[in-house]
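Just so it is clear, the model here is predicted, and its values are computed rather than measured. Just so you know, these numbers use all the heavy atoms, side chains as well, and skip hydrogens, waters and symmetry mates.
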Amino acid sequence: MNFKEALNAEQYAAVTAPDGPALVVAAAGTGKTRTLIYRLAWLVTERGVEPWEVLLLTFTNKAASEMLSRAEELVQRRFNSGFSGTFHSFANRLLRQHADRVGFGKDFSILDADDAKKLMRNCADELGMDKKMFPKPDVLLSLFGVVSGRQGDLRAAVEERFEHAEVEVADILKVQALYTEKKRTTNTMDFDDLLIYAHALLSEHADVRAFYQDAFRHVLVDEYQDTNVLQAAMVRQLVSGHGNLMVVGDDFQSIYSWRGADFRNFLDFAGAYEGAATYKLQTNYRSTPQILETANAVIAGNPEQFQKELRAVRGAGQEPRLARMRDGSSQARFIIEEVRRLAREGVRASECCVLYRSHFHAMELQMELAREQVPYVVTSGVRFFEQAHIKDCCSVLRLIANPADGLAFSRLVELFPKVGAKTAQKIFAKLGGRANVLHGETLEQLGSLLPAAAQESWQAIKPIFVAYREEKLEEDPGEVIFRFNKAFYGAYMAETFENHRFRGEDVDGLIDFTVKFESVENFLAEVALLTNLDTDAAAKAEQTADEHILRLSTVHQAKGLEWKAVFVLFVNEEMFPSKKTVEEQGDSEERRLFYVAVTRAEDHLYLCAPMVRRQRDGGIQFLDPSRFIEEIPDEFLVEEKGFF
């Protein structure tokens, strides 16, 4: 096998690296996967390493399987697919052999997500937490998982997470302790426990650690910038005997700190592993030089990073477009027309993708696509108005507008503690099938029918209905949602959704969006009409050839993918970068997120920067272009105007 002919000089240097710790800084589109595959092959064919002596750790089993399969084709031998794979699958294999060393039976069961939530809920109920507002099981499980991954202080994390919620920190810690106890007594582990106990096994039992260090003479880790503290510690235990570790990744694409990833594992690799060699892959095979120049210009502003600059293999192409238009509706129409124009030039809709920082940025685009009956799919989740938190907020308006709307009534009151579907239906029946919340008598009757645990929640939102009648809020649907969010739903989201901050941004976006409508009735009618059109568009998308379907996605979900044409929405200050994120963390991760968005594009890149947004109070907010746009030299962008 001629490795020199199969690889470029940068890839060849990394593939043929000598024993010892090695860091491969693989920028976007530079052949990271190919480098890993050929490293596997080189170890076997040139270094005499047996295939079963190599451990490959990745973030998806699919990625590991594909890389091992392609390496096997090169060397015509089988690799150790039993242990290689995700960190969790590797941890499970270890514990199946040695769980008794950490206090479990080897026949332990793994709780799936539903089972873990049920057990957590049972623990909360057993401790009497069902009698008060209390975080939902999936919120607690997510928090506990992030804290364990960071090996952080649980009490401090709970205090920070529920700083603005009426939750006792001591109560959460009691539930967590009981949950841990019950898992041990029932010989079960949840997903996070696999890493916790595998790490304990390796760090506390020298004989086990030595056995696996000897078994795996070489360890390779993909996407190392996405590892958390616990995963990095596991890797260190595995290689501390021989030091033969190669990690591959890109600090520029570290965008998952909110779920525990710590890019410092990547940046500090040389300090953690004495004598570590660093290899950089900077030759990009994906994008045009103009797109890469744009990416380089923006990421250069990050203070903590490995300095590198993408170089294009491809010849010159079209300069990225800066599209300046009036507002979100103009932005939507521009994208639809441009996608149609690209189709006439041979770029299919399926080869285009619209990326956005937050879900609510795509709200107007989704509405316009529905109106135009353009088939599209949202690869980052459900469509905007189908999201639970948006439907929750709209249920208040629906009930005000139509007291006979039993579905809206149930959706609203089921948000309260101890109110399930059957209880909601019984209460609605006792109200005579009409919950006229604008009548004082009905408000009092409804309050008397709700269970005691729901009273606090009801008293929080009751004034909204009184104000609607007395202050004539029928012309301001956004004000109703604003008060509902402030009085009740903001705290509810914090206790119910692990990604409550992102959902809060969606609700804020919905509130601003309502200013386009003169009344609650007009708003609800438009939403209902467009939701139905959306449903038709979704059905049309299922029946339409894939090449005609436009993709919409958050930037987070687009990592690792690529399209011929990419549109980035609302590249405006306070939107991309996110105002809340910048205030809390600075703009470093937002800058990396923008870099990921830009480097998804192969041929065409459109940065859309509307000039105004209507606000809830009826005023107009003038939008500045994002700081990221301001940092791109003028000669790199072609500005397009006039899309009103």
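Using modelled atom types, no side-chain atom of Q176 and backbone atom of F144 make a donor-acceptor pair closer than 3.5 Å. Under the 3.5 Å distance criterion, the side-chain polar atoms of Q373 are matched with a main-chain donor or acceptor of A370. The main-chain N or O of N572 is never found under 3.5 Å from a side-chain atom of S626 such that the two would form a donor-acceptor pair. Although no hydrogens or angles enter the test, the distance criterion places a donor-acceptor pair under 3.5 Å between the side chain of R161 and the main chain of A494. A donor-acceptor pair under 3.5 Å is absent between the side-chain atoms of S410 and the main chain of L407, judged by distance alone. Put simply, the side chain of D476 gets close to the backbone of E479: a donor and an acceptor are under 3.5 Å apart. No side-chain donor-acceptor contact under 3.5 Å links E372 to the backbone of L369. A distance-only check finds no donor-acceptor pair linking the side chain of D171 to the backbone of M129 [under 3.5 Å]. Side chain of R591 to backbone of V298: a donor-acceptor contact under 3.5 angstrom is found.
Partner of R503 under the side chain to side chain donor-acceptor pair (under 3.5 Å) criterion, out of H389, Q387, H359: H389 alone.
Remark: I549 CD1 to C352 SG distance equals 13.0 Å, nearest 0.5 Å. Note that the CG atom of L569 and the CG atom of L552 stand 7.5 Å from one another [nearest 0.5 Å]. Within the model, atoms OG of S448 and CH2 of W458 stand 10.5 Å from one another, a figure rounded to the nearest 0.5 Å. Within the model, atoms CG of L561 and CG of L355 stand 9.5 Å from one another, a figure rounded to the nearest 0.5 Å. Annotation: the span from I464 atom CD1 to R483 atom CZ amounts to 8.0 Å, rounded to 0.5 Å. Here the straight-line distance linking atom CZ of R333 with atom CE of M325 works out to 10.0 Å at 0.5 Å rounding.
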Could you check I390 against F384 for side chain to side chain contact (heavy atoms under 4.5 Å, CB included), going step by step and ending with a plain yes or no?
CA-CA 7 Å; I390 300 302; F384 186 81; 3.6 Å; yes

Set out, in order, the CA-CA distance, both residues' side-chain angles and the distance that settles side chain to side chain contact (heavy atoms under 4.5 Å, CB included) for Q366 and Y376, then state yes or no.
CA-CA 9 Å; Q366 290 188 34; Y376 72 96; 3.5 Å; yes

Set out, in order, the CA-CA distance, both residues' side-chain angles and the distance that settles salt bridge (charged side-chain N to carboxylate O under 4.0 Å, His left out) for D112 and K117, then state yes or no.
CA-CA 9 Å; D112 62 22; K117 284 190 281 190; over 6 Å; no

Residues D512, R613; criterion salt bridge (charged side-chain N to carboxylate O under 4.0 Å, His left out); working and verdict:
CA-CA 8 Å; D512 287 339; R613 286 186 77 210; 3.8 Å; yes

Side chain to side chain contact (heavy atoms under 4.5 Å, CB included) assessment of F385 paired with M363
CA-CA 8 Å; F385 285 101; M363 181 167 42; 3.9 Å; yes

Check the pair F488 / F416 against ring-ring contact (aromatic ring centres under 6.0 Å, His included), numbers first and verdict last.
CA-CA 10 Å; F488 168 76; F416 304 157; 5.7 Å; yes

Go through the steps to decide whether K579 and D587 satisfy the test salt bridge (charged side-chain N to carboxylate O under 4.0 Å, His left out), and finish with yes or no.
CA-CA 9 Å; K579 179 181 179 181; D587 72 358; over 6 Å; no

Test K418 against L450 for side chain to side chain contact (heavy atoms under 4.5 Å, CB included), laying out the working first.
CA-CA 9 Å; K418 304 301 286 183; L450 287 166; over 6 Å; no

Full working for salt bridge (charged side-chain N to carboxylate O under 4.0 Å, His left out) between R627 and E631
CA-CA 6 Å; R627 66 190 69 181; E631 293 170 3; over 6 Å; no

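Between R341 and E345 a salt bridge is recorded (basic side-chain N to carboxylate O distance below 4.0 Å). E444 and K462 are joined by a salt bridge, as a carboxylate oxygen and a charged side-chain nitrogen come within less than 4.0 angstrom of each other. The residues R411 and D405 are annotated as not salt-bridged, no charged nitrogen and carboxylate oxygen being separated by less than 4.0 angstrom. Taking 4.0 Å as the cut-off between side-chain N and carboxylate O, K118 and D125 do not count as a salt-bridged pair.
Here V146 pairs with R150 under the side chain to side chain contact (heavy atoms under 4.5 Å, CB included) rule; sequence neighbours left out. Remark: A332 pairs with L365, E368 by the side chain to side chain contact (heavy atoms under 4.5 Å, CB included) rule, at least two apart or across chains.
Between N485 and C393, the closest side-chain pair of non-hydrogen atoms is not below 4.5 Å. Within the 4.5 Å cutoff, the side chain of L524 has heavy atoms near those of the R398 side chain. For the pair I481/V507, a side-chain contact is recorded, criterion being any heavy-atom separation below 4.5 Å from C-beta on. At a threshold of 4.5 Å between non-hydrogen side-chain atoms, the residues V437 and Y468 do not count as touching. When side chains are defined from C-beta on, F162 does not count as touching E168, because their heavy atoms never get closer than 4.5 Å. Between V169 and V167 there is no side-chain heavy-atom pair separated by less than 4.5 Å. When side chains are defined from C-beta on, R344 counts as touching R340, because their heavy atoms get closer than 4.5 Å.
Heavy atoms of other residues, nucleotides or ligands lying less than 6.0 angstrom from CD of Q585 number more than 12. Around the CD atom of E160, the shell of radius 6.0 Å holds no more than 12 heavy atoms that belong to other residues, nucleotides or ligands. Under a cut-off of 6.0 angstrom, the local environment of NZ in K174 is sparse, with at most 12 non-hydrogen atoms contributed by other residues, nucleotides or ligands. Within 6.0 Å of the CD atom in E475, the count of heavy atoms belonging to other residues, nucleotides or ligands does not exceed 12. Under a cut-off of 6.0 angstrom, the local environment of CD in Q459 is crowded, with over 12 non-hydrogen atoms contributed by other residues, nucleotides or ligands. Few gaps surround CD on E583; more than 12 heavy atoms of other groups in view lie less than 6.0 Å from it.
Side-chain atoms of S519 and E474 form no donor-acceptor pair, as typed in the model, at a separation below 3.5 Å. A side-chain donor from one of D190 and Y179 sits under 3.5 Å from a side-chain acceptor of the other. A donor-acceptor contact closer than 3.5 angstrom is absent between the side chains of S578 and E590. When only modelled atom types and interatomic distance are considered, R434 and T442 share no side-chain donor-acceptor pair under 3.5 Å. Using modelled atom types, one finds a donor on one side chain and an acceptor on the other under 3.5 Å when comparing S330 with D327.
Taking the centre of each ring, F576 and F570 stay at or above the 6.0 Å mark. Ring-centre distance between F502 and F360: not below the 6.0 Å cut-off. Ring centroid separation for the pair Y489 and Y492 comes in under the 6.0 Å cut-off.
Here the closest non-hydrogen pair linking G478 and I511 is O-CG2, 3.7 Å.
Taking the centre and axis of the six-membered ring of Y606, the NZ or CZ atom of R321 falls outside the cone set by 45° and 6.0 Å.
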